[in-house]
Structures are given as structure tokens and as C-alpha cells.
Number of protein chains: 2
Amino acid sequence: MAGQKAARPGGKNPEDRVGARNREKILRAAVDVFARKGLDGTRIQEIADHCGLPKANVYYYFSTKQEIYTHVIEHLLTGWDKAFEHITPDRDPREAIAVYVRAKLDYSRKHAAESRFFANEMLRGAHFLSKQQKLHMQRVTRERSAVVEGWVRDGKMAPVDARHFFIMLWAATQFYGDFEPLAANALEKSKLAKADYDAAAAAITTIVLDGCGVSA
Amino acid sequence: MAGQKAARPGGKNPEDRVGARNREKILRAAVDVFARKGLDGTRIQEIADHCGLPKANVYYYFSTKQEIYTHVIEHLLTGWDKAFEHITPDRDPREAIAVYVRAKLDYSRKHAAESRFFANEMLRGAHFLSKQQKLHMQRVTRERSAVVEGWVRDGKMAPVDARHFFIMLWAATQFYGDFEPLAANALEKSKLAKADYDAAAAAITTIVLDGCGVSA
DNA sequence: TTGGAAGTTGACATTTTGGTCAGGTTCTTC
DNA sequence: GAAGAACCTGACCAAAATGTCAACTTCCAA
């Protein structure tokens, strides 16, 4: 009797259940479509087509479009602060920042859809970010800004507003992935290649590091 | 007779005709809605409500949603390269760049809807920019990059890839307006005030100028 | 004054969309 | 191998969207 739910975790491994795999499939497809069309512009049918499932099957897993959307946000925010891990007090600022820029640019290039989805959500006013999620982002930003401020205090960097500093890095690194058509057009190419991202990393680190008196 | 029409608001001047004014009204409302919802997410009814015209009246001036969209693009691209005017060979790079950053940030703040509309279009892949419009942007970018390259040749600036340099400036200056929620959150405010834009301008110019060896 | 052009609009036709559902198949456990 | 949970899906519906239209008013030049 009571065993019903407890004893029934599907297969041995919950991650192997059909449902778990399908949820993933849907979420992955949803990121793609949401990134290009936004919440209102996205048709459930398009998500369904994109992951090869009938529309009704999508509704079996998620009961509304909004629910898919918020799940995607939740999913993405998990990795949001990943690159920040490179910013630690013990590291040399020059190296730490260079690695951070690389990591951010890499993410922008390899996970363009995720990155654009996030940009889209910000563009629309971030109405689907929960208070809690905002606070998390605030806390992380505050912590890593403190590290930069520490570097400044220790004379390892020129005085700079740490938060605007990070904003500038976010802006520069996201730009290439999110606004690829604009960046490519400026470089007079039809699309960006890895080499362009390398050049971007070089330019950004040079400008920013020298600008903050971190040059070797 | 002749005196009448000349005196009337809708007289001989085509710009004064009711139609011209209404077209303007519709386009202005459309920028706002498109900026928030994108092409697919925008309902004509919402544009109509936003400018106080019945939906059928909107259709009297524009026959499809796409037509409104492309007109908006056309309209916006007129002012796209405005800030670039500050980048001229005869000026001192330090001053020119500082003014450019200010101008860009100002635009971002005062014309947030236009700026976001543009960002949205890039995010979606810029499918509605005509070949000709892309070429125009390319030409302008090329011209102003040449100015920067001249400054470098003259030893007024450290060697830097001019195009990546501009991309960085675009990114940094657009970020505050386009991704306001993210920027505000990072600064732990509920929304950005003019003072925050001032601080941003200061931080950006400091970092970028020192980073390019333009410091006084 | 008048005739035609420009502008206005409520109502309508058509298509698309989000979401539901009933009846089915497959999987897991005992 | 039986029972029930998990999963699948074609067909459907109500709401919402785009775009049309015909009748109407206002404007303007001669």
C-alpha cells in the first residue's frame, strides 16, 4: 500500500527513466526556441517539433508554457556563476582575469543558445527570475567583487569599481555569442570562427588588464 | 480656399498630414512593444492599444506585422552611427573616445526601447536586416576603425585591434540599457539612476583608455 | 459646392494557438 | 502474468490572433 510511491522509482536508476530523458530533451529544445523567440513568441508546437515529440507529449511533462520557461531558467542558473570560480583572492589577478575571460567567451561560443536565452530574459525585464535567484546572483557578485577590491587594496590592481569592472567583462564576453551577427558584420565575416573568439579574448584581456594596471 | 489649407494643420506640407502623424505614432508604439516581445511575440492589437488607434486603422497604414517591423528597423538605422561622428582623425583619442562612450551611454539610457529592439533583432539572428543595411554598417565600422588605426600608427595609442576595440565599447555601453535588470542587480539597486550611468561612463573610459595607453 | 481622395472603424472570416482528454501502449513490480 | 503506474498521442475545443471589408466621416482642391 504505502509502498506504491516509495517502491516505484521507475527503473533502478531514476536518471534512466524515460521521463527523465524526455524532460531533458524538451528542456534542451525549449532553450533553443526561447532563445530565438522569447516566451510570447514561442509556440509549443515548435518546441515539440524541435525535439521530435508530439505536442501532447510535451504537455504530459509540463502543464503550461510558463512552466517550461521557468524550468529552463532554473536549469541555466545552475551554471551561471561557474566562471566566477576563477576569481579567488590567492590567485594573481592577471592570470585569474585572463582565465575568467577565456571561460566566459568559451561558454558564449559553445552554449550560444543558453547564453541568448538569458540575454533575452534580461532584455524583457527579467520578470521570471525569482527574488531568490536574484539574491543568489547578487551574493555571488558581491563575493567576487570583494576579491577584486582586495586586489586593489593590496596594490595588485589600479583602483577600479569592481562591480562596473565585472559588468564590463560580462558585456564584452557575452557580446560575441549573443550578438554574433553584429560582431561578425563588424569584422566583415559571414560568421565567427574560433579564431575570432581567440582574437577577442586577446583584445579584451589586453585592454582590461592594462587598463587596470595589472600589466606584468 | 488657399488660405484655409495653408493655415490648417493638415495643409500642403506632407509631414503635417494626418497619415504621416499616424504612421509616426504607430512606429513609435511598435518600437516599444517589439523591444519587449520581439516580432513573433508582438500582437498587433497591443501596438494599436499602445498608440490609441483601432486595430483596423493600423492595418490601414501597414498591411502586415512584418511591414511594421521592417519600417521600424529602417527608422532606427538612421541614427545608428550617430555617436561615431565623434571619432575623427583630427581629435585627441582620449577626448574623442570619452565623448563617444558618453554619447553611447546616453543613447542607451534615453532611448532604451530603440536600443533593446535592436538588441532583440541581433539576438534573433538579424534576419530582417537587408544586405544593404549590413553593408552600410560595415562601411561605417571600417571607416572609424581606420581612424583608430591611424591613432595607433601615430603613436597616440597602444596597438589594439580597432574592430574588437569598438565591439568592446558597444558591448559595455549597450549593456546598461539593454540588460538593465542584470546591471541593477549587480549594483544591488532596484533600478539604475543617472548617477549609475555616470559611474559606468567613468569606469569604462578609465579602463579602456588606460588599457590602450591613452592616459594623459 | 462638390467630387474624389484620405482616413476611420465595427464587424467579420479564417487560421493559429494553448491546452484537454479519452483511450491506448509499455514498463515495473510482485 | 497480472495489476497498476508511467507513458504516449490523435483528435478535439475554446480562445486568441491576423487580416479583410464595406460603409462611413473628414479633408481638400478647384
With DNA chain D as reference, determine whether B:Thr42 or A:Asn22 sits nearer its 5' end, using the nearest nucleotide of each.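 Result of the comparison: A:Asn22.
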Please give, in whole Å, the distance from [N] [atom2] to [X] [atom1]?
{"X": "B:Arg21", "N": "C:dA6", "atom1": "CZ", "atom2": "P", "answer": "16 Å"}
{"X": "B:Lys37", "N": "D:dA16", "atom1": "NZ", "atom2": "C1'", "answer": "13 Å"}
{"X": "A:Tyr59", "N": "C:dG18", "atom1": "OH", "atom2": "C1'", "answer": "4 Å"}
{"X": "A:Ile44", "N": "C:dT17", "atom1": "CD1", "atom2": "C1'", "answer": "10 Å"}
{"X": "A:Glu67", "N": "C:dG18", "atom1": "CD", "atom2": "P", "answer": "15 Å"}
{"X": "A:Gln45", "N": "D:dA16", "atom1": "CD", "atom2": "P", "answer": "20 Å"}
{"X": "A:Asp40", "N": "D:dA16", "atom1": "CG", "atom2": "P", "answer": "14 Å"}
{"X": "B:Phe62", "N": "C:dG7", "atom1": "CZ", "atom2": "P", "answer": "12 Å"}

Are [X] and [N] close enough that a side-chain N or O sits under 4.0 Å from OP1 or OP2?
{"X": "B:Lys55", "N": "C:dT9", "value": "no"}
{"X": "A:Tyr60", "N": "D:dC8", "value": "no"}
{"X": "B:Asn57", "N": "C:dG10", "value": "no"}
{"X": "B:Tyr61", "N": "C:dA6", "value": "no"}

Quick test of your reading: applying ring-ring contact (aromatic ring centres under 6.0 Å, His included), list the pairs with at least one residue in residues 178-208 of chain A, sequence neighbours left out, ordered by first then second residue. A:Phe175-A:Phe179
Output the single nucleotide from C:dG19, C:dT8, D:dG19 whose closest atom is nearest the side chain of A:Thr64.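 Per side-chain heavy atoms of A:Thr64, the pick is C:dG19.
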When you measure from the side chain of B:Arg43, which nucleotide among D:dC21, C:dG18, D:dA17 comes out closest? D:dA17
Does either side chain, that of A:Asn120 or that of A:Arg116, offer a donor lying less than 3.5 Å from an acceptor on the other one? no
Answer with yes or no whether the side chains of B:Glu121 and B:Tyr69 bring together a donor and an acceptor at under 3.5 Å.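 On atom types as modelled, these side chains qualify, holding a pair under 3.5 Å.
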Parallel, tilted or perpendicular: rings of B:Phe34 and B:Phe117 (30°, 60°): perpendicular
5' priority, DNA chain C, between B:Arg23 and A:Gln66 [closest heavy atom]: B:Arg23
Please assess B:Ile68 against B:Tyr61 for the test side-chain contact (heavy atoms from CB on, under 4.5 Å), listing each intermediate value before the final yes or no. CA-CA 9 Å; B:Ile68 305 182; B:Tyr61 291 103; over 6 Å; no
